[in-house]
Structure formats: structure tokens, C-alpha cells
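One-based numbering, in listed order, for ligands and for the atoms of each. Because only heavy atoms are used, hydrogens play no part in the values below, and waters and symmetry mates are left out as well, while side chains stay in.
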Amino acid sequence: MKFASRLNEVRESATFKYSALAKGEGIIDLTIGRTNFDTPVMIKDAAKKAIDEGKVHYTPSNGIPELRKAIVEKLEKENKIRNLTPENVIVSAGAKQMVFEAVMALIGKGDVVAIPDPSWVSYEPIVKLADGGVEFLPLNPNNGFIPDENFFSALENSDPKLIIINSPGNPTGAVYPKKVIEEIVDIADRKDSWILSDEIYEKMIYEGTHFSPGSIYNNVITVNGFSKEFSMTGWRLGYIACSNREVINKVGIIQEQSVSCATSFVQYGALAAFTEDVKKDVEKMRMELKERRDYVMERMKETNFLCIKPSGAFYVFPYIGEIDDMEYADKLLNKKVAVIPGSPFGSKGRGCIRISYGGVNIESLRKAFDVIEEFEYEDK
Ligand code: PMP
Ligand code: GLU
């Protein structure tokens, strides 16, 4: 059967593929980007109450006004993003859906999107589905995958309609310093480019601070969601905010003509996320993740991998050498440790693997690294 040509260059999601492979008996799963914490109880209770109260129908397509208002307050207070009203926000079924809708609204044939290399496995496919072209901005493991002169010169030499940035980053864990984001904004401003800032790992920072480009530049679509911060990956809830109402209106058309709205009781549950009690749960999670990150970095010293300590997210992305990372991941899986090969994250991911420490405790990490170390000295 002949399928739509838009799929010609689009491959499956490596994160979901390897996560499915990791489901076998006794496998230590370091694949998918999620934590093993439960959703805070107040959020669960609020969602259950909404179901009991019969809040089971369509909501406004852009989301319930109370939730959009809470999001605006958060973005103003924590991210210093101003010029927003609840009408500048759209809530949808996950940050991924929001990236998809935003790209669909802005990008078409002949448009170029600049994407860091390596970066999350879905940016490039989403741009391709929108018929856009991609310009890769190289990141260097020796610089901890933080943009350096090569990244900036690639950006200077391109003419992107949209620049995607993601700090803290997937798969690198890199947290971009404020001055790096200012430099990206400066170039975007000169080139009249839009920035899509994916801030989904915002609360998972162990050194340094988060800086939102939306606080200093108007042409920014800020993306965030509830999946990571509140351990709600299965609830499917994310949002965008943009001070430009025209952009929001166009994205709103795609939302109305596709997903309609985010799940009603999920939105009511999410309202409870903006409370002090829930913030304490998030902080506890951050501390635990930091311990895991530190443990992983200790074990990394016993390998020959190159891995500068990442300051955020819950991934490490070591360069493991001039070997086929796909083959390496398959062989490691046979030894019951599942990771994601680096290549699907971009050409600069070749020879790397992504280890997610979000979903396992230190005991499992210890066992996994025992296997990885042993494997390093075997004939591969
Ligand atoms: N952006 C990045 C960088 C991600 O790693 C992910 C994966 N969770 C998403 C967006 C999508 O998150 P979700 O759709 O679960 O909100
Ligand atoms: N973003 C997470 C990851 O990278 C979840 C899966 C996905 O959306 O790609 O593993």
C-alpha cells in the first residue's frame, strides 16, 4: 500500500521503541524519560473529585479558564514572562502535542527550523511531518553539550523561521546559562526568527538556574507540561504560552481540528499542582534525582566514557567511543540493561548512549553499571 509522502522521511520514536523492548523479564529499564515517583496525591484527589462531580464533558478547546489563569500566574512569577493573559495559553494532551501543533501552525514547505544536534527524538520528525526543512546546530560533548562557537556560527549561517531550544535538555541534561540564551535571542532577533522554548525539565536542575527566553523576547512560544515535574506522563497534559495572539489563534485552529481539548478531569486535577504542598513533593523528587545523578557520575568514572556532569533533566548522554551505538544498545539489552542508542537523537549522538536515571532507584543503577562495566571489558 502506498502511504502519504509526508511519512517518507519520518521514522518511529526511538524512545518508545526501546522502552517497549525493555519490558522483558528482569531487564533494568534505563530507557524512557519518566520518573518512578507517583503523581502527588492532591492532584489525584482533585481529578477523582472532578470525575465524581460529573466534569466529564468537552472543555473549551484551549483548556479550562482556571487552569490557563494558573499557568499565566506561574509563568509571570517563576519565569518572568509578561504580556500574557489566559487567552495567550493553550492546554493540550502533552507537551509533545503542543510542539506538534505549534510547528504545524508555523512551518510549511520552504521553511527552515534550527534544531540542536543532539536533541529530543521528536523535533526533527515533527518538522518533517509539517513539510519543513531542518538545520542542525552542533553541540559538543566536550563542552557538556552547551552551545559553543560552532553552534552559534551554524545559527548565524542559517535562516530559520523557528529555532527550537530545550534547556534543561533531552538527551544531554545540559542547562543553558542565561548568557547562552541571551546570545540565541540576540541572533533570533536579528534574523527575525521565532523561538520555541521547550522547558519541560525546568524543575529538574541540580546546579545553575533556569532562564526563559520568553522573559526577554516576544517572539517566543514557551512549551511546558505536567509530565515530568508532577510525574504525570500518562495523564497527557502540556501547554504553550505566547504573547502573540495571532500565533495562539492559529495553533488553536489545529487544536480544535485535531484533539479538540485535553481530557476534562485531567485539567481539573492539574489545578491542584499549583499548591505549596505539591511544590514540596516536587522538591523531594528533585533531591532524589540529584542523588541518582551523582551516583551515576561516580560510576561513570570507572568507565572509559566521556561524560561531563549534566546539571539537569534526568539523563546522562556519555560518548562511549567509536562504536556502533545501535549495536551496543542491542548487545547491552541481551545482558538485561536497556538504554537508548544515541544516533536517533541526531548525528552528534553517534557513539553515545542515553541513560535515563529517572525511572529506577540507586540499587538498580548499581546493578546496571556493574553490567555496563563488565561489558566494557568484553570483546564486543
Ligand atoms: N519535550 C521533551 C524535551 C521531552 O523529553 C518530552 C518527553 N516527555 C516532551 C517534550 C513531551 O512530553 P509530554 O508530551 O509527555 O508532555
Ligand atoms: N520524552 C521522553 C523521552 O525522551 C518520553 C518519550 C517521548 O516522548 O519521546 O524518553
*Which residues satisfy the side-chain hydrogen bond (donor to acceptor under 3.5 Å, both in side chains) test with Thr15, sequence neighbours excluded?*
Ser13

*Could you tell me whether Tyr315 and ligand 1 have an N or O pair separated by under 3.5 Å?*
no

*Quick check: does Thr233 get an N/O under 3.5 Å from an N/O on ligand 1?*
no

_Taking only non-hydrogen atoms of Tyr123, do any sit less than 4.0 angstrom from ligand 1?_
yes

*Is it the case that more than 12 heavy atoms not belonging to Glu363 sit under 6.0 Å from its CD atom?*
yes

*Distance to 0.1 Å, residue and atom name: give those for the protein heavy atom nearest to atom 2 (C) of ligand 1.*
Asp198 OD2, 3.4 Å

_Which residue and heavy atom of the protein sit nearest atom 15 (O) of ligand 1, plus the separation_ = Ser227 OG, 2.6 Å

*Purely on distance, is any nitrogen or oxygen of Gln97 under 3.5 Å from one on ligand 1?*
no

*How does Thr15 reach ligand 2, by side chain, by backbone, by both or by neither, if only non-hydrogen atoms under 4.0 Å count?*
side chain

*asked:* Give me the residue, atom name and distance of the protein heavy atom closest to atom 8 (N) of ligand 1.
replied: Lys228 NZ, 2.4 Å

*asked:* Heavy-atom count check: over 12 atoms from other residues, nucleotides or ligands less than 6.0 Å from Lys80 NZ?
replied: yes

*Can you tell me which residue and heavy atom of the protein come closest to atom 12 (O) of ligand 1, and the distance to 0.1 Å?*
Ile200 CD1, 3.6 Å

*Can a non-hydrogen atom of Gly238 be found less than 4.0 Å from any atom of ligand 1?*
no

*Close-contact set for ligand 1 against Asn170 heavy atoms, below 4.0 Å*: 3 (C), 4 (C), 5 (O)

*Nearest protein heavy-atom contact for atom 14 (O) of ligand 1: which residue, which atom, what distance?*
Arg236 NH2, 2.7 Å

*Is there a heavy atom in Ala95 that sits closer than 4.0 Å to ligand 1?*
yes

_Counting only heavy atoms not in Arg11 (residues, nucleotides, ligands), do more than 12 fall under 6.0 Å from its CZ?_
yes

*Would you call Tyr201 a ligand 1 contact, heavy-atom distance under 4.0 Å?*
yes

*What do you reckon, does Lys228 put a non-hydrogen atom under 4.0 Å from ligand 2?*
yes

*Ion pair present between Glu66 and Lys69, side-chain N to carboxylate O less than 4.0 angstrom?*
no

*Touching ligand 2 at all, Arg354? Heavy atoms, strictly under 4.0 Å?*
yes

*Check each atom of ligand 1 against the heavy atoms of Gly94 and keep those under 4.0 Å away; list them by number with element.*
14 (O), 16 (O)

*Report yes if some N/O of Asn166 lies less than 3.5 Å from some N/O of ligand 1; otherwise report no.*
no

*Whether Arg34 lies under 4.0 Å from ligand 1, heavy atom*: no

